[in-house]
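Inspection log for the structure reproduced underneath, given as structure tokens.
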Amino acid sequence: APSAPAGGAAVAAGRRARVEAGRRGADRGGGAGGVRGAAAAARNVIFCTASGNLLDLRGSGHVVRNNWFGLDPTGAFVSADADVVYLYGANNVSFLDNVVTGGTSLVFGRTAVSVLGGSGLVFQGNFVGTDATGNADSGAPLSHGMVAAPGPNEPSNATIGGSAPGQGNVFAGNAYYGLWFHTAATGNVVRGNKFGVGADGTTALGNGLAGLRVGYASTSGITVGGTGAGEGNLFAHNGGAGVLVQDGWNHRIRGNSMFD
């Protein structure tokens, strides 16, 4: 396995980066999970025990695929007092088939994945808040799963999940919200994901608050689910609502499954 870095990884603004381990092949389509980057030689393992973001991306056109963030080479959670993955004004990023587990800071707002502005994010096939199998809690006690909020511009036109096999994400086991579109998020699409349920679709692994929260101020045009095959999301076992819509306009919530 790669040696663990002493601190956070960073990419300079304006540079195009590829942070990618060997592809999992058939595992990408596995709806029941399977260890991300199962072979030790086929993954990057990125963690630290000090403060600092593990991955800081700016600029455009980055590809981040098949990595472990916040887990050590054995798959055990490692404390990180920061946002684990931090995207600041990054456009057209492909974030695929990664495992991301959140920091442990008591500061409100620490997240596994923090998206501040940017447009065109494709976020598919990731486990957020779980261990590498997608079916157990990572052990990170104090974190949101993913938060999209304003940075240099509005977070817009992101694709979170998808209808094809392997495109959906798992947002589960997070202490707070699984996914939160915070302020001024617009035109984002959320389809084919699991919130509060493991990758196998049955294991109860609730987020502490709502599975998905839409809004704090001025959100618009968020699509959650759909009527096509595979477009609906699964919400279950969360500590709050499956979907909490606090504000905004022109949101579409269709074709999802919601359970206690």
Side-chain angles (χ1 to χ4, degrees), residues 1-13 15-24 27-28 33-90 93-105 107 109-116 118 121-134 136-147 169-175 199:
S3 59
V11 176
R15 302 280 300 274
R16 177 170 293 183
R18 181 176 291 269
V19 183
E20 180 173 7
R23 294 189 66 179
R24 295 195 316 280
D27 184 49
R28 193 182 197 293
V35 175
R36 293 299 194 246
R43 63 173 177 261
N44 295 304
V45 180
I46 304 170
F47 69 94
C48 69
T49 57
S51 62
N53 303 320
L54 298 187
L55 180 67
D56 188 325
L57 285 183
R58 307 171 189 229
S60 63
H62 308 305
V63 177
V64 182
R65 188 200 311 265
N66 203 16
N67 306 284
W68 287 4
F69 295 95
L71 301 176
D72 72 13
T74 71
F77 166 69
V78 180
S79 173
D81 185 13
D83 296 336
V84 177
V85 172
Y86 183 83
L87 308 181
Y88 184 81
V93 172
S94 294
F95 197 91
L96 311 172
D97 303 330
N98 301 284
V99 182
V100 189
T101 188
T104 60
S105 174
V107 178
R110 291 301 191 212
T111 68
V113 181
S114 182
V115 180
L116 299 184
L121 170 67
V122 176
F123 192 89
Q124 295 177 331
N126 303 288
F127 296 166
V128 182
T130 74
D131 70 356
T133 71
D137 195 319
S138 69
L142 296 168
S143 178
H144 297 292
M146 179 176 178
V147 177
N169 305 286
V170 175
F171 296 92
N174 299 287

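Just so it is clear, the values below take in all heavy atoms, side chains as well, and ignore hydrogens, waters and symmetry mates.
Rounding to the nearest 0.5 angstrom, the gap separating the CZ atom in Phe69 from the CG atom in Asn53 is 11.5 Å. We find the CZ-OG distance between Arg65 and Ser94 to be 7.5 Å, quoted to the nearest 0.5 Å. Rounding to the nearest 0.5 angstrom, the gap separating the CZ atom in Phe123 from the CZ atom in Phe171 is 5.0 Å. Annotation: the span from Asn169 atom CG to Asn126 atom CG amounts to 5.0 Å, rounded to 0.5 Å. Rounded to the nearest 0.5 Å, atoms OH (Tyr88) and OG (Ser114) are 11.0 Å apart. Atom CG of Leu55 and atom CG of Asn98 lie 9.0 Å apart (nearest 0.5 Å).
Counting heavy atoms from C-beta on, the side chains of Val128 and Val170 never come closer than 4.5 Å. In this structure the side chain of Leu96 reaches within 4.5 angstrom of the side chain of Val122, judged on heavy atoms. Looking at heavy atoms from C-beta onward, Leu116 lies in side-chain contact with Tyr86 at the 4.5 angstrom threshold. Inter-residue side-chain proximity for Val113 and Val84 is flagged as unmet; no heavy-atom pair is nearer than 4.5 Å. Side chains of His144 and Asn174 form no contact here, defined as non-hydrogen atoms less than 4.5 Å apart. Side-chain contact between Val45 and Pro73 is present, with at least one heavy-atom pair separated by less than 4.5 Å. Contact annotation: the side chain of Thr111 never approaches that of Met146 to less than 4.5 Å [non-hydrogen atoms, C-beta and beyond]. Contact check for Thr101 versus Leu71: side-chain heavy atoms found under the 4.5 Å cut-off.
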Go through Asp97 and Asn66 one step at a time and tell me if the side-chain hydrogen bond (donor to acceptor under 3.5 Å, both in side chains) criterion holds.
CA-CA 5 Å; Asp97 303 330; Asn66 203 16; over 6 Å; no
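Between Ala90 and His62 the shortest heavy-atom distance is CB-CD2, 4.5 Å. The two atoms that bring Phe127 and Ala132 nearest to each other are CE1-O, 3.5 Å, heavy atoms only. Here the shortest heavy-atom pairing between Thr130 and Ser138 reads O-CB, 3.4 Å.
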